[in-house]
**Q** 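Pasting a structure here, questions to come.
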2 protein chains.
Amino acid sequence: MSREVTPIANQLRARGMRVTAARHAVLEWLADNPHATVEHVHDGIRQRLGSISKQAVYDVLKACLEADLVQQIKPAGHPARFERRTGDNHHHLVCRRCGRIEDVDCAVGARPCLNPDHDHGFEVDEAEVMYWGICGACRTAATNAPEDDHSRQ
Amino acid sequence: MSREVTPIANQLRARGMRVTAARHAVLEWLADNPHATVEHVHDGIRQRLGSISKQAVYDVLKACLEADLVQQIKPAGHPARFERRTGDNHHHLVCRRCGRIEDVDCAVGARPCLNPDHDHGFEVDEAEVMYWGICGACRTAATNAPEDDHSRQ
DNA sequence: CCGATAAACTTTAATGAGTCAAGTTTACGA
DNA sequence: TCGTAAACTTGACTCATTAAAGTTTATCGG
């Protein structure tokens, strides 16, 4: 394949990573579809690439995670989700029912409770804030046909 | 068995729950051993009860969870942990390596960032704050024999 | 106190997300 | 264009948790 020069390809090269079809597709697709699960990403890029294994998606996401090109959110009881937005200390709103996620910029602004009162000898490197609730779709659906998956709005 | 009258038995009855040996043992043991995994609880009470299935531990914890007698913490990538302290809005400090958990009373006091700037149509009922880091034991161990489990101090 | 019965417990099987490992293909520097 | 390490494919496997079917037991009404 001839040397690609898209912004995404450049971001990869800037970090010393190889530019592959899988990586390019995942990053491009994720830019348009934030908070996607591995399943979502897999389905999404399969249409563009023809075929790709789920393991490859795991590998790509892991590599991009370590290179700080994507960020991971792991809500308790739901599969992990991924987004391209990184390093800006925003938080997440999670639907208990369907796992759907929305971004929230914390009201308190600059890293509110980042410093615990007592660190118990830990070396703390992150304060994670997660809001839990029920999304609109699930709330209205609860009155009709419960238990659907509204995570892709 | 003759009707038990311990505080724990009373707490169970107050919620209309049956008082069983398993429930009594789990709650009693958990009071002395906060932040325990299902595994820990199982091991802990087996000594007192002679024998109990792990499934029973899951069932007991689930029932007590719904009755608000225990609280659950599910750190990403680690098995769930349980504690008796409930409803006082304290947060947790988690060791990335061994999963060990410590309590922290948030520095900002009264539910700091409980209200996100925009609720995206969600009905928000909880703001969860989790601090991540490496505990002292894991930090010192990292220089000698890495990858041990220091979660039970 | 005794028997009925629904709730708890036991055992075994299944699920679902994620990891591991061996072999094949591919990007890319020499 | 070739060699090689990195990336991908396939398939097996782990681990925490849930599910389902059958047995035991706490509690209530007599």
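Throughout, protein chains are lettered first and strands after them, A, B, ... in sequence-line order, and every chain is numbered starting at 1. Here the structure is a predicted model, which means the values were calculated and not measured.
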**Q** Taking CD1 from I45(A) and C1' from dT9(D), how many angstroms apart are they, rounded to a whole number?
**A**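 Rounded to the whole Å, the gap is 14 Å.
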**Q** Going by heavy atoms in the side chains, are F82(A) and H35(A) under 4.5 Å from each other?
**A**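 SC-SC contact between F82(A) and H35(A) ruled out.
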**Q** Using 0.5 Å steps for rounding, measure from the CD atom of Q71(B) to the CZ atom of R81(B).
**A**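 One finds 14.5 Å between CD of Q71(B) and CZ of R81(B).
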**Q** Rounding to a whole Å, what distance do you find between R15(A):CZ and dA6(D):C1'?
**A**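 Spelled out: CZ on R15(A) to C1' on dA6(D) is 18 Å.
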**Q** Nearest to the A80(A) side chain among dG18(C), dT17(D), dA8(C), which nucleotide is it?
**A**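 Nearest listed nucleotide: dG18(C).
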**Q** Quick one: CD on Q47(B) to CH2 on W29(B), what's the gap to the nearest 0.5 Å?
**A**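 Rounded to the nearest 0.5 Å, the CD-CH2 separation comes out at 9.0 Å.
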**Q** How bent is the helix from dC1(C)-dG30(D) to dA30(C)-dT1(D), measuring the angle between the end axes built from five pairs each, rounded to 10°?
**A**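 Computed from the C1' atoms at both ends, the axes differ by 30°.
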**Q** Please give, in whole Å, the distance from dC9(C) C1' to H42(B) NE2?
**A**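 In whole Å, dC9(C) C1' lies 12 Å from H42(B) NE2.
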**Q** If you only use heavy atoms from C-beta on, which nucleotide in dT9(D), dA7(D), dG18(C) is closest to the side chain of V38(A)?
**A**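 The answer is dG18(C).
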**Q** Round to a whole Å and report the spacing from NZ of K54(B) to P of dT17(D).
**A**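 K54(B) atom NZ is separated from dT17(D) atom P by 9 Å.
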**Q** With sugar-phosphate meaning primed atoms plus P, OP1 and OP2, does T20(B) contact a base, only sugar-phosphate, or nothing at under 4.0 Å between heavy atoms?
**A**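 Sugar-phosphate: the residue T20(B), judged by heavy atoms under 4.0 Å, touches backbone atoms but no base.
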**Q** To the nearest 0.5 Å, what is the distance between CG on L27(B) and CG on D32(B)?
**A**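 Answer rounded to 0.5 Å: 11.5 Å.
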**Q** Out of curiosity, L93(A) CG to C135(A) SG, how far, rounded to the nearest 0.5 Å?
**A**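 One gets 9.0 Å once the value is rounded to the nearest 0.5 Å.
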**Q** Where each residue is assigned the nucleotide of DNA chain D containing its nearest heavy atom, which of R13(B) and A56(A) is assigned the position nearer the 5′ end?
**A**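 Taking each residue's closest nucleotide, the earlier one in sequence belongs to A56(A).
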**Q** Which residues, if any, of residues 63-74 of chain B bring a heavy atom under 4.0 Å of DNA chain D?
**A**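 Heavy-atom contacts with DNA chain D come from no residue of residues 63-74 of chain B; none.
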**Q** Name the closest nucleotide to the R18(B) side chain, picking from dT10(D), dT27(D), dC9(C).
**A**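 Nearest nucleotide to the side chain: dT27(D).
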**Q** Could you tell me whether the side chains of H92(A) and E83(A) share a donor-acceptor contact shorter than 3.5 Å?
**A**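 A pair is found: one side chain offers a donor N or O, the other an acceptor, under 3.5 Å apart.
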**Q** Do the side-chain N and O atoms of R84(A) and Q11(A) include a donor-acceptor pair separated by under 3.5 angstrom?
**A**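 On atom types as modelled, these side chains qualify, holding a pair under 3.5 Å.
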**Q** Once you round it to whole Å, what is the distance between C1' of dT18(D) and CG of D59(B)?
**A**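 D59(B) atom CG is separated from dT18(D) atom C1' by 10 Å.
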**Q** Using whole Å, what does the distance between atom P of nucleotide dT23(D) and atom CD1 of I52(B) come to?
**A**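 Nearest whole value for this atom pair: 20 Å.
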**Q** Distances for protein N/O vs nucleotides 21-23 of chain C N/O pairs under 3.5 angstrom?
**A**
none

**Q** Rounded to whole angstrom units, what separation is found between the NE2 atom of H24(B) and the P atom of dT25(D)?
**A**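 One finds 18 Å between P of dT25(D) and NE2 of H24(B), rounded.
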**Q** Give a yes-or-no answer on whether the side chains of D103(A) and H91(A) include a donor-acceptor pair shorter than 3.5 Å.
**A**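 No donor-acceptor contact under 3.5 Å links the two side chains.
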**Q** Check whether any side-chain N or O of H42(A) sits under 3.5 Å from a backbone N or O of A56(A) as a donor-acceptor pair, and report yes or no.
**A**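 Not a single qualifying donor-acceptor pair exists.
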**Q** Please state how far atom CG in L61(A) lies from atom P in dT19(C), giving the value in whole angstrom units.
**A**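 Taking CG of L61(A) and P of dT19(C), I get 11 Å after rounding.
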